[in-house]
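A quick write-up on the structure given underneath.
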Number of protein chains: 2
Amino acid sequence: MPSDRTRTAILAAAERLYADRGFGDVTLRDIVAAADVNLAAVNYHFGSKDELIAELFVTRSLALNRERLSELRAAEEVRGGRAPIEAVLRALVGPTLRGCLGPDNQRSTAARFMIRVSIESVPPIRRIRNREIDHLRKFVAAMARSLPGCSDVELYWGLHFALAMAQQTVRDSERLTKLSDGKCDVDDVDDIIERVVSVAVMALAGAWC
Amino acid sequence: MPSDRTRTAILAAAERLYADRGFGDVTLRDIVAAADVNLAAVNYHFGSKDELIAELFVTRSLALNRERLSELRAAEEVRGGRAPIEAVLRALVGPTLRGCLGPDNQRSTAARFMIRVSIESVPPIRRIRNREIDHLRKFVAAMARSLPGCSDVELYWGLHFALAMAQQTVRDSERLTKLSDGKCDVDDVDDIIERVVSVAVMALAGAWC
DNA sequence: AATAGTTTCATACAAGTGTTTGAATTGCAA
DNA sequence: TTGCAATTCAAACACTTGTATGAAACTATT
């Protein structure tokens with residue numbers, strides 16, 4: 001069994017740097033400096049920079065999906081597989097929003113890293129990202145259970161808009177804060193989640209589901 | 001007066017390349033090859049790569065703002081400075097959506113370039129982008145005229161969500177297409193505009209304006 | 001046609017990138 | 001301890017990047 005110390009130090013440093021500054025301007029030398037390991041360690045342990053990014057991404061991607069699905073399952077268990085649509089949408093957007101917004105000390109590097117992924121879409125990740133579709137399909141299915149009779153197309157648009165609002169809020173919370181002179185509180189995560197969810201529900205309901 | 005041929009050739013080639021492939025992997029050598037000019041021409045005419053990007057951005061940014069505002073003004077003229085909220089939002093999201101989606105031959109490089117800007121946020125642009133806030137404020141003001149009595153906070157959220165849905169639809173139209181097996185038609189621009197606008201209106205109305 | 005100013009060009013430069021190498025060091029089993 | 005594999009390390013490599021240089025070509029005014 002290899003002594004993982006170097007490996008994990010690299011992963012942690014890389015994730016934090018990517019989350020903070022994006023893929024564009026984080027070099028291998030930045031990472032090894034932050035992890036306090038030798039330059040060659042990355043290639044020794046991961047093969048290449050791209051493979052490091054890919055490993056980071058698949059790990060976090062699986063974790064996020066797991067978190068969403070466990071929230072979804074918890075909501076559906078309450079009433080035998082028929083959760084209210086609000087709960088389904090909360091399970092979809094909640095994990096990301098909670099991890100990325102709110103007081104600094106509560107933000108997770110993992111969530112912020114995933115947002116970077118959704119923003120920058122660097123080559124090694126683009127190749128893997130297709131699996132996301134399969135994951136989202138599960139939520140479409142859950143939404144269909146919540147709103148039987150609602151047409152598929154409207155479900156897709158509803159999910160799409162829900163994710164859009166959540167991601168853009170995370171991505172550009174600064175602009176919203178500036179525009180509103182701080183009157184829109186981007187640290188009140190629960191409020192934001194409810195806003196996103198309720199608008200998405202209105203979108204679905206307004207489309208005569 | 002300088003012979004602009006080289007200058008404009010560079011601008012056109014750069015805009016197209018940036019729109020297509022993003023800032024990340026477009027090099028000066030790519031640009032000059034596409035423009036069929038010498039490598040040194042960029043530095044001669046623009047000073048540096050960053051200044052080229054900046055010029056491209058301010059030009060397009062001003063044009064987009066102009067387009068939005070003229071649509072807004074046209075809508076407000078009809079009924080003496082009190083356009084329906086739908087028209088205000090249409091003026092906000094319409095130009096971008098029309099330029100970025102729809103049949104290939106109708107898409108404008110300019111709009112696709114601006115979307116890249118909103119995605120990647122490269123340093124030379126980040127420094128300029130603050131002016132966007134002032135521009136958006138004009139739309140908040142117009143929204144307030146349309147919905148007197150609606151609280152500012154709700155207006156900000158409404159505008160934020162409208163832009164979020166529009167931008168994400170452009171940014172990730174591919175995912176939506178795949179997810180829905182083509183059932184969500186991202187080429188039907190008018191339908192998309194009406195969807196975004198109507199959801200945003202519901203968001204505003206649902207907040208007891 | 002001669003000249004001065006502008007623009008083009010091939011080429012070189014310095015800095016930064018990810019990766020490789022091969023020797024040194026470590027950790028651990030026999 | 002000895003031996004062997006795994007790991008670390010400093011250094012160098014090959015390559016790409018944006019930028020700078022100085023000579024050549026062009027343009028237009030005199």
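Every chain is numbered from 1 and lettered A, B, ... according to where its sequence line falls, protein lines coming before strand lines.
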(message) With a 4.0 Å limit, can you tell me whether A:Thr6 has a side-chain N or O closer than that to the phosphate oxygens OP1/OP2 of D:dT8?
(response) yes
(message) Whether A:His45 contacts D:dA6 is assessed here as follows: a side-chain N or O lying under 4.0 Å from the phosphate OP1 or OP2. Is that the case?
(response) no
Not counting sequence neighbours, list each pair that qualifies as a salt bridge (Lys or Arg N to Asp or Glu O under 4.0 Å) and has a residue in [range].
{"range": "residues 115-125 of chain B", "result": "B:Arg116-B:Glu120"}
{"range": "residues 96-112 of chain B", "result": "B:Asp20-B:Arg112, B:Glu71-B:Arg98, B:Asp104-B:Arg107, B:Arg107-B:Asp187"}
{"range": "residues 125-141 of chain B", "result": "A:Asp172-B:Arg129, A:Arg175-B:Glu132, B:Arg129-B:Glu132"}

Please state how far atom [atom1] in [X] lies from atom [atom2] in [N], giving the value in whole angstrom units.
{"X": "A:Asp4", "N": "D:dA6", "atom1": "CG", "atom2": "P", "answer": "15 Å"}
{"X": "B:Asp25", "N": "C:dT17", "atom1": "CG", "atom2": "P", "answer": "17 Å"}
{"X": "B:Asp36", "N": "C:dT8", "atom1": "CG", "atom2": "C1'", "answer": "12 Å"}
{"X": "A:Arg5", "N": "C:dT25", "atom1": "CZ", "atom2": "P", "answer": "19 Å"}
{"X": "A:Ile10", "N": "D:dT8", "atom1": "CD1", "atom2": "P", "answer": "8 Å"}

(request) List for me each residue that meets ring pair (Phe, Tyr, Trp, His ring centres under 6.0 Å) alongside A:Phe46, sequence neighbours excluded, and say none if there are none. (result) none
(request) Indicate yes or no: at least one non-hydrogen side-chain atom of B:Leu52 is less than 4.5 angstrom from one of B:His45. (result) no
(message) Considering only residues two or more places apart or on different chains, which pairs with a residue in residues 156-166 of chain A satisfy side-chain hydrogen bond (donor to acceptor under 3.5 Å, both in side chains)?
(response) A:His160-B:Thr169
(message) For a quick check, with a 4.0 angstrom heavy-atom cut-off, what is the B/S/- contact string for nucleotides 15-21 of chain D, read 5' to 3'?
(response) --BBBBB
